[in-house]
*Asks:* 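Sharing a structure with you now.
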Amino acid sequence: MDPLIITVAGVGAELTLDQQPNLPITPEQVGEDAARCEAAGASIYHLHVRDREGAPTMSVSAFSEASDAIRSRSNLIVQFTSGGAVTDPEADRIAPLDLRPEMASLTTGTVNFGTDVFWNPPGLVERFYRRMRELDIVPEFEIFEPGMIANAVAVSGQADHHLHFDLVLGVPGAMPAWEDSVPFLVGHLPSGSSWSATGIGRANIPVAEQAIELGGHVRTGFEDVRYLGPGEPAASNAQLVDRVAGLARERGRALATPGQARSLLGLDASAGTLTR
Ligand code: ZN
């Protein structure tokens with residue numbers, strides 16, 4: 001099996017400082033969080049940013065500062081969100097791509113999201129995908145429902161890049177983390193693609209265990225999970241990464257360095273450049 005890529009989604013758009021006082025907010029905090037997560041075994045940082053008050057923002061300058069802070073302190077692949085918060089308009093969600101991160105997330109369908117709707121109609125998906133490819137950004141297709149796999153395949157057509165998927169399970173309103181959810185979705189991915197899985201909340205660990213055993217990769221972090229166990233809040237993102245790294249060690253699965261992750265995902269060592 002390939003070495004395990006651990007993605008840390010350290011910030012997100014939902015969690016508040018009241019809920020998690022250790023949520024990284026400033027560029028310096030995000031950079032230091034990234035360095036600690038790299039030391040714990042992560043190789044990708046899935047990035048959302050906050051303003052100085054801690055509110056989610058899609059400000060291009062905030063993405064610039066945070067990604068610079070990560071790159072100056074770690075070798076992690078920086079993956080921007082293009083989802084933002086569910087209320088962000090399309091123009092705000094697409095703007096930070098101008099900074100040419102190595103990767104960006106791309107959700108390929110509309111889905112209920114708690115009491116909200118996460119809007120990703122076909123035209124938006126196509127515009128986001130085209131913009132990413134113009135800028136040599138490798139998308140990570142975020143799959144909340146089976147139909148989104150077909151949508152990702154349709155939009156990427158004769159793709160000239162490696163296809164990578166993230167299976168997101170357990171968002172209230174979307175596909176639950178049933179026992180057969182991961183194997184079912186993986187069975188419908190295009191051959192040759194790679195995948196990670198993200199279990200939301202209490203699904204984080206069972207989904208991570210399945211992904212490790214099936215040869216996939218894993219995402220964790222405060223965006224996805226707040227607790228280490230019942231009534232036991234995680235102290236840091238690095239602690240959540242370390243827990244996944246421990247599950248991999250128990251199963252004899254090596255961890256990918258950021259360099260190994262770049263080669264598995266078809267990224268060049270230099271940011272924003274594809275290996276062809
Ligand atoms: Zn996100």
Side-chain angles (χ1 to χ4, degrees), residues 1-12 15 19-24 29-48 70 73-79 103 140 142 164-171 176-183 185-186 194-265:
M1 276 187 198
D2 290 328
L4 180 74
I5 298 170
I6 302 176
T7 299
V8 58
V11 184
L15 195 61
Q19 293 167 319
Q20 174 47 266
N22 295 331
L23 186 69
Q29 289 168 345
V30 171
E32 274 152 31
D33 187 56
R36 284 192 292 268
C37 289
E38 182 179 26
S43 42
I44 300 177
Y45 203 98
H46 171 78
L47 183 64
H48 289 247
I70 295 170
R73 289 169 177 83
S74 81
N75 190 31
L76 294 185
I77 296 163
V78 180
Q79 178 192 86
M103 296 184 83
E140 174 175 280
E142 305 295 336
H164 182 67
F165 294 81
D166 180 46
L167 315 174
V168 185
L169 298 167
V171 169
W178 290 311
E179 220 163 276
D180 54 350
S181 292
V182 171
L185 293 173
V186 169
S194 56
W195 59 277
S196 62
T198 303
I200 302 299
R202 68 190 58 178
N204 199 251
I205 286 306
V207 165
E209 288 172 334
Q210 262 187 322
I212 292 166
E213 286 163 13
L214 293 173
H217 304 282
V218 173
R219 190 176 109 167
T220 191
F222 284 151
E223 178 171 348
D224 306 324
V225 57
R226 291 161 54 190
Y227 291 92
L228 284 175
E232 189 191 351
S236 67
N237 283 305
Q239 200 175 35
L240 292 167
V241 171
D242 185 61
R243 178 169 64 164
V244 173
L247 298 174
R249 272 192 296 272
E250 284 166 15
R251 289 162 178 76
R253 184 107 185 255
L255 302 183
T257 63
Q260 288 172 318
R262 283 186 173 89
S263 104
L264 289 170
L265 298 169

*Asks:* Looking at V207 and G199, what are the two nearest heavy atoms and their distance?
*Replies:* CG1-N, 3.6 Å

*Asks:* Using every non-hydrogen atom in the two residues, find where R262 and L76 come nearest and quote the distance to one decimal.
*Replies:* NH2-O, 3.5 Å

*Asks:* With a 3.5 Å cut-off and sequence neighbours excluded, list the donor-acceptor pairs that the side chains of residues 32-41 form with protein atoms.
*Replies:*
unit_1, atom_1, unit_2, atom_2, d
D33, OD1, N237, ND2, 3.4
D33, OD2, Y45, OH, 2.7
D33, OD2, N237, ND2, 2.9
E38, OE1, N75, N, 3.3
E38, OE2, N75, N, 3.3

*Asks:* To the nearest 0.5 Å, what is the distance between CD on E142 and NE2 on H164?
*Replies:*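 Reported value, rounded in 0.5 Å steps: 8.0 Å.
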
*Asks:* Quick one: side chain to side chain donor-acceptor pair (under 3.5 Å) partners of T7, sequence neighbours excluded?
*Replies:*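 Partners of T7 by the side chain to side chain donor-acceptor pair (under 3.5 Å) criterion come out as none, since no residue qualifies.
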
*Asks:* Under the rule for ring-ring contact (aromatic ring centres under 6.0 Å, His included), what residues qualify as partners of H48, not counting sequence neighbours?
*Replies:*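 Testing H48 for ring-ring contact (aromatic ring centres under 6.0 Å, His included), a comparison that skips the adjacent residues, returns H46.
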
*Asks:* Report the distance from atom NE2 of H217 to atom CG of D2, rounding to the nearest 0.5 Å.
*Replies:*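 Interatomic distance, H217 NE2 to D2 CG, rounded to 0.5 Å: 5.5 Å.
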
*Asks:* Not counting sequence neighbours, which residues clear side chain to side chain donor-acceptor pair (under 3.5 Å) with S43? List them please.
*Replies:*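 Partners of S43 under the side chain to side chain donor-acceptor pair (under 3.5 Å) test: none.
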
*Asks:* Quick one: pull up CD in E140 and CG in L265 and give me the separation to the nearest 0.5 Å.
*Replies:*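 Output value for this atom pair is 8.0 Å.
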
*Asks:* Tell me, please, which residues at least two apart from N204 pass side chain to side chain donor-acceptor pair (under 3.5 Å).
*Replies:* T220

*Asks:* Does Q210 reach the main-chain N or O of E179 with its side chain, forming a donor-acceptor pair under 3.5 Å?
*Replies:*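 Looks like yes, one N/O pair under 3.5 Å.
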
*Asks:* If the condition is side-chain contact (heavy atoms from CB on, under 4.5 Å), which residues does A248 pass it with, not counting sequence neighbours?
*Replies:* L4, I212, R253, L255

*Asks:* Which distance, rounded to the nearest 0.5 Å, do you find between the CG of L169 and the CD1 of I200?
*Replies:* 8.5 Å

*Asks:* To the nearest 0.5 Å, tell me how far T198 OG1 sits from D166 CG.
*Replies:*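 Output value for this atom pair is 3.5 Å.
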
*Asks:* Can you sort out the partners of S74 under side chain to side chain donor-acceptor pair (under 3.5 Å), two or more places apart, ordered by chain and number?
*Replies:* none

*Asks:* Roughly how far apart are I5 CD1 and I44 CD1, rounded to 0.5 Å?
*Replies:* 5.5 Å

*Asks:* Using the test side-chain contact (heavy atoms from CB on, under 4.5 Å), find all partners of L214 that sit at least two apart in sequence or belong to another chain.
*Replies:* V182, P183, W195

*Asks:* Show the numbers, then the answer: is there a side chain to side chain contact (heavy atoms under 4.5 Å, CB included) between V30 and L47?
*Replies:* CA-CA 9 Å; V30 171; L47 183 64; 3.9 Å; yes

*Asks:* Quick check: do L247 and I205 have side-chain heavy atoms less than 4.5 Å from each other?
*Replies:*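 In contact.
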
*Asks:* Please name all residues satisfying salt bridge (Lys or Arg N to Asp or Glu O under 4.0 Å) with D224, sequence neighbours left out, ordered by chain then number.
*Replies:* R219

*Asks:* Applying ring-ring contact (aromatic ring centres under 6.0 Å, His included), name anything that partners F222, two or more places apart in sequence or on another chain.
*Replies:*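 Listed in chain order: nothing, the list is empty.
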
*Asks:* Does anything in residues 203-217 pair up under salt bridge (Lys or Arg N to Asp or Glu O under 4.0 Å), and if so which pairs, sequence neighbours excluded?
*Replies:* E209-R251, E213-R251

*Asks:* Who are the side-chain contact (heavy atoms from CB on, under 4.5 Å) partners of Q239, not counting sequence neighbours?
*Replies:* L228, A234, A235, S236

